[in-house]
A.B. asks: 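Sharing a structure, written as structure tokens. Questions coming.
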Amino acid sequence: MRRVRPGAAASRGGSPSRDTGRRTAGEERALTSVAAGERYAGEEPEDIPRLWHITLSVSGEAAPVEELRRALEQLAHDHPFLLTSRYADDHAEIRYWEEARDLHDAAAVALRLWGEHRQTAGLPPWEIVGLEVIDRATYHQRISEGYGPPPASPVGVHPF
């Protein structure tokens, strides 16, 4: 017994018209399979990096704002995708684009940013208190709808 999709008539024994790519009424489509590890021609490979918008919030004991500004400027120099940093004597917010395979990778890199650059940039020993990771499409959708973080302008290091 052959199974047919509900609402579709079973083929009457004729062969599908393969040269025109069209089916006649009642003709079934041939099913094809994809071997393990292969992809359908129209799919995006999972390992292609995507852009993620990162907002990293840190805070801790008050630090001299002149030293903090210099440290954030050094971080921007060391991490070229940094868009903008805002700071006060006891907290800061860093916004930048990260290229990563998926959200988990982007978040992992973002969570290491402050600690890995603490010594080289002279950042204060603050803790990460907030992290937002959104894909490029979501970022642009929020901006176009008038909510979410305003575009990072002017780019650079600025007080709150």
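Count residues from 1 along the sequence.
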A.B. asks: Do the ring planes of His140 and Trp97 sit parallel (below 30°), tilted (30 to 60°) or perpendicular (above 60°)?
C.D. replies: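 His140 and Trp97: parallel rings.
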A.B. asks: Could you tell me which non-hydrogen atom of Arg50 sits nearest to which non-hydrogen atom of Arg101, and how far apart they are?
C.D. replies: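 Closest heavy-atom pair between Arg50 and Arg101: CD-O, 4.3 Å.
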A.B. asks: Is any side-chain heavy atom of Glu93 closer than 4.5 Å to one of Thr55?
C.D. replies: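 The answer is yes, as the side chains (C-beta and beyond) meet within the 4.5 Å cut-off.
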A.B. asks: Would Leu113 and Leu75 count as a side-chain contact (heavy atoms from CB on, under 4.5 Å) if you check the C-alpha gap in whole Å, the side-chain angles of each, and the deciding distance to 0.1 Å?
C.D. replies: CA-CA 9 Å; Leu113 178 74; Leu75 176 62; 4.2 Å; yes
A.B. asks: Hey, mind stepping through Leu72 and Ile94 against side-chain contact (heavy atoms from CB on, under 4.5 Å) and telling me if it holds?
C.D. replies: CA-CA 9 Å; Leu72 289 170; Ile94 301 165; 4.3 Å; yes
A.B. asks: When you compare the side chain of Arg86 with that of Pro159, does any pair of heavy atoms fall below 4.5 Å?
C.D. replies: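 Contact flag for Pro159/Arg86 side chains = no.
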A.B. asks: Heavy-atom count check: over 12 atoms from other residues, nucleotides or ligands less than 6.0 Å from Glu145 CD?
C.D. replies: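 Counting other residues, nucleotides and ligands, CD of Glu145 exceeds 12 neighbours.
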A.B. asks: Walk me through whether His53 and Arg136 qualify under side-chain contact (heavy atoms from CB on, under 4.5 Å).
C.D. replies: CA-CA 6 Å; His53 186 265; Arg136 187 176 180 198; over 6 Å; no
A.B. asks: With a 6.0 Å cut-off on ring centres, are Phe160 and His91 close enough?
C.D. replies: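 Distance test on ring centres: under 6.0 Å, yes.
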A.B. asks: If I compare all heavy atoms of Gly122 with all of Ala71, which pair ends up nearest, and what's the gap?
C.D. replies: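 Shortest heavy-atom contact: O-CB, 3.4 Å.
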A.B. asks: Does the side chain of Gln74 come within less than 4.5 Å of His79's, by heavy atoms?
C.D. replies: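 Not touching, per the 4.5 Å side-chain cut-off.
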A.B. asks: Quick check for you: to the nearest 0.5 Å, what is the distance between Ile134 atom CD1 and Gln141 atom CD?
C.D. replies: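 Reported value, rounded in 0.5 Å steps: 9.5 Å.
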A.B. asks: Is it the case that one hydrophobic cluster holds both Val109 and Leu103, taking links as side-chain heavy atoms less than 4.5 Å apart, direct or via other members?
C.D. replies: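 No, separate clusters.
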A.B. asks: Counting C-beta onward and ignoring hydrogens, is there a side-chain heavy-atom pair between Ile54 and Leu131 closer than 4.5 Å?
C.D. replies: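 Touching, per the 4.5 Å side-chain cut-off.
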A.B. asks: At their closest point, which heavy atom of Glu99 faces which heavy atom of Pro49, and how far apart are they?
C.D. replies: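 Looking at all heavy atoms of both residues, the shortest contact is CG-CB, 3.4 Å.
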A.B. asks: Kindly indicate whether the side chain of Ile128, heavy atoms from C-beta on, has any atom under 4.5 Å from the side chain of Leu111.
C.D. replies: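 Yes, at least one pair of side-chain atoms sits under 4.5 Å.
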A.B. asks: Run Glu73 and Arg69 through salt bridge (charged side-chain N to carboxylate O under 4.0 Å, His left out) and show every step you take.
C.D. replies: CA-CA 6 Å; Glu73 287 172 345; Arg69 179 181 178 89; 3.1 Å; yes
A.B. asks: What verdict does the salt bridge (charged side-chain N to carboxylate O under 4.0 Å, His left out) test give for Arg142 and Glu132, after you've listed the backbone C-alpha separation in whole Å, the side-chain angles of each residue and the deciding distance to 0.1 Å?
C.D. replies: CA-CA 13 Å; Arg142 285 182 178 182; Glu132 180 186 52; 2.7 Å; yes
A.B. asks: For residues Val129 and Ser59, report the shortest heavy-atom separation together with the two atoms involved.
C.D. replies: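 Heavy atoms of Val129 and Ser59 come nearest at CG1-OG, 3.4 Å.
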A.B. asks: Could you please spell out the steps behind the side-chain contact (heavy atoms from CB on, under 4.5 Å) verdict for Asp89 and Leu68?
C.D. replies: CA-CA 8 Å; Asp89 66 345; Leu68 180 57; 6.0 Å; no
A.B. asks: Just checking Trp52 against Tyr139, ring centres under 6.0 Å apart?
C.D. replies: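 Judged by ring-centre distance (under 6.0 Å), Trp52 and Tyr139 do not meet the cut-off.
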A.B. asks: I'd like to know if the side chain of Trp126 and the backbone of Ala62 have a donor-acceptor N/O pair within less than 3.5 Å.
C.D. replies: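 Checking the backbone N and O of Ala62 against the side chain of Trp126, no donor-acceptor pair under 3.5 Å is found.
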A.B. asks: Return the minimal non-hydrogen interatomic distance between Ala88 and Val65, and the atom names on each side.
C.D. replies: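 Looks like C-CG1, 4.3 Å.
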